[in-house]
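Data first, discussion second: the structure below is written as structure tokens.
Numbered from 1 within each chain, the chains take letters A, B, ... in sequence-line order.
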Amino acid sequence: MRVVALLVPSVAYLLAMFVFPFAYGVLLSLRPKGGGVSLANYVAFFLDPWQARTIWVTASIAVPNTLLTVLLALIVAYAMRRGIWLERTITTALVLPIALGTVLVAEGINGFYGPKGWLTQVLLALGLAEPTRLTHNYTGVMLALFLQHFPFCFLMLLGYISGIDPALEASARVLGAGPWAVFRRVMWPLIAPGVAIAGALVFVMNFGVFPSAVLVGQPAGATRTIAIAAYQEAFEHYDMPMASAIAVVMGVCQLAGLAVILFLRRRMAGTGVATMGAGKR
Amino acid sequence: MITSLAFRLTKRFGAKVVLDDLTLEVRGREFVTVLGPSGCGKSTALNLLAGLIPPTRGEIRLDGVRIDGLPPERRGFGMVFQNYALFPHLTVGANVAFGLVLRSRGKAEIAERVRRMLELVRLTGFADRYPGQLSGGQQQRVAIARALAVEPRVLLLDEPLSNLDTKLRLEMRGEIKRLHADLGLTSIYVTHDQAEALSLSDRVVVLCDGRVIQAGTPAEIHDRPQTVFVADFMGYRNFFPLTVASEEGDTVLARGEALALRGRTVVPLRPGDAAVAAVRPEDVETTTEPPGPNVVRGTVRLTEYLGREHGVEVALEGGPTLTVSLAHPVAVGSALALRLPPERVVILPAEGDAR
Ligand SMILES: Nc1ncnc2c1ncn2[C@@H]1O[C@H](COP(=O)(O)OP(=O)(O)O)[C@@H](O)[C@H]1O
Ligand SMILES: [Mg+2]
């Protein structure tokens, strides 16, 4: 039952954010500009390497970024589960990027990591070799996405982890479990559902990356994501049906990602009862 | 089997001293209860012994060997928590097997031991259930089986019965006592319930604000409390501030404005000392004797039906209120003559001296 309850947020999210717009978009995408009802838009998308490769480009940003974000958020949240010194200050600092919004963060990244940014200036002043370029490429987008999604993911996991009764860890320790065994045998099974959901949400957000890919990426090349392709069809070529077809492809990719995550989660948990009691206190 | 667990522990949280040089030696096979009100540092003491939090100062010796530097997983203790703390994602069997798996015991040995442990706590056939599918009492029994499965050198129990209802609590109390005796365990049990402390223990240690204020056998603590605090904890409901008038051996006569009482002393008192006389409601009896020391008169102000007896609040002539417990009902407003038997009255030093 708890598994179902845990799925409710993502299901609601899917319904509101995907299913309805999806249905509309699907219908639109099946009526290509040339007239009639056909799969012509999809055929055109997959046959044009310039378009089709956006799937690969987006995935090569979204997948590693999701793994990185969730892993780091998990490590930090786990380390903070008993509360730490200056916890409030640190949490606030971590959460600030959410409040700032995508564009400001991108501006900040340009200002700090950019070719004329502080980091470069300092490195040059110190006489270090010209640093590798960190913005307007793949790295820039990775940085921006990480900064935006880490706080959200961290907060979600911290809430999840600190909801686990500390006596569970204590009893595992007394029974002979060292810190790693505590994590592997007790904490991880209880945290995994939270990690799966955080991962699913971060992945979906990452896969739809648009402003960051434009502002700190290389929108004409290395970071031409699928969202950019859709945008160009809609607002540069004024081909709404084609844009819809691309959006549908993007949605299908996102659903596939979610399916993979939930499948892995189920495999790891072993049994359906595994999530019982997580966050119970 | 251990011979002794001796410790001396101080714990501060910031400026707050939670345990002030708590010193105790527990012998092998002994059942020691730490009794004290909520917040007096009982859980902190057990957590220090288990190694879950570091002491500010002090040492722990198991059979003479210092173990306070060891992490919890290497102390070989067992611990039972108030809220059971069963692993919700593991079956009952896997919970009980947890410590054995970590000790890399063989599959067959683990299976056999889990079966034996569940039999011991009368949960045969529950191995495949999940904790969430058990009642509170069953969960606590699983927790006990899980702690006992690894043959702990010392068993620590932190208010294990306080989440259970009264009937179950009595039943589980018996079970814990039986297991302790049958398995030859060395147990330290923490509680705020005097009945648990008295019925289970070889020795009771009364803790108040992180300090031991009295230690002894249950009978000693019950019959010979040394302070008002301990007496209060042990069910003495009536306390009268008096002044010692005369002493002979271990009985003294103490007087106040409304009352003169002869009683036993546990801590020596001299004439002129400020004292408090303590009496249990059930030790007071009705009498036909004329007024004098230990015989008082008063008016019934309130009665309470308690099943086997009647709780009666009596306003004594001269002001103070006496709570007594009588076998027969009395009417509110009626006059009563009551006797407080001198051997049942304990005269204690006034608070602030011995605490
Ligand atoms: N981690 C902690 N930080 C600060 N104070 C604590 C901490 N743990 C316990 N205390 C304080 O120590 C005192 C004793 O707590 P505890 O040992 O839990 O008492 P008990 O188990 O007897 O009810 C309490 O006043 C509690 O507020
Ligand atoms: Mg406690």
Is the number of heavy atoms from other residues, nucleotides or ligands within 6.0 Å of CZ (B:Arg74) greater than 12?
no
Proximity breakdown for A:Ala177 and chain B, heavy-atom pairs closer than 4.5 Å
both
If you take all heavy atoms of A:Leu168 and B:Phe87, which pair is closest and at what distance?
O-CE2, 3.4 Å
CZ of B:Arg12: more than 12 outside heavy atoms within 6.0 angstrom?
no
Within the distance-only criterion (no hydrogens, no angle test), does the side chain of B:His89 pair as donor or acceptor with the backbone N or O of A:Met187 below 3.5 angstrom?
no
Please classify the contact of B:Leu156 with chain A as side chain, backbone, both or neither, using a heavy-atom distance under 4.5 Å.
neither
Any residues in residues 44-66 of chain B near chain A, with a heavy-atom distance under 4.5 Å, and which are they?
B:Ala50, B:Leu52
Would you say the side chain of A:Val174 lies within less than 4.5 Å of the side chain of B:Glu73, judging by non-hydrogen atoms?
no
What distance do A:Leu175 atom CG and B:Phe77 atom CZ have between them, rounded to the nearest 0.5 Å?
13.5 Å
Got a sec: does the CZ of B:Arg169 have more than 12 other heavy atoms crowding it under 6.0 Å?
yes
Using a 6.0 Å cut-off, check whether atom CZ of B:Arg115 has over 12 heavy atoms from anything other than its own residue.
yes
Other residues, nucleotides and ligands only: do more than 12 of their heavy atoms fall within 6.0 Å of CZ on A:Phe263?
no
I need the B:Asn83 CG to A:Ser171 OG distance, nearest 0.5 Å.
8.5 Å
Would you indicate whether the side-chain heavy atoms of A:Arg173 and B:Pro71 approach each other to under 4.5 Å?
yes
Counting heavy-atom pairs under 4.5 Å to chain A, which of B:Gly99, B:Ala85, B:Gly76, B:Ala149 comes out on top?
B:Ala85
Could you please state which residues from residues 100-109 of chain B sit under 4.5 angstrom from chain A, measuring non-hydrogen atom to non-hydrogen atom, sorted by number, or 'none'?
B:Val101, B:Leu102, B:Arg103
With the side chain counted from C-beta on, respond yes when B:Phe98 and A:Val186 share a heavy-atom pair under 4.5 Å apart, and no when they do not.
yes
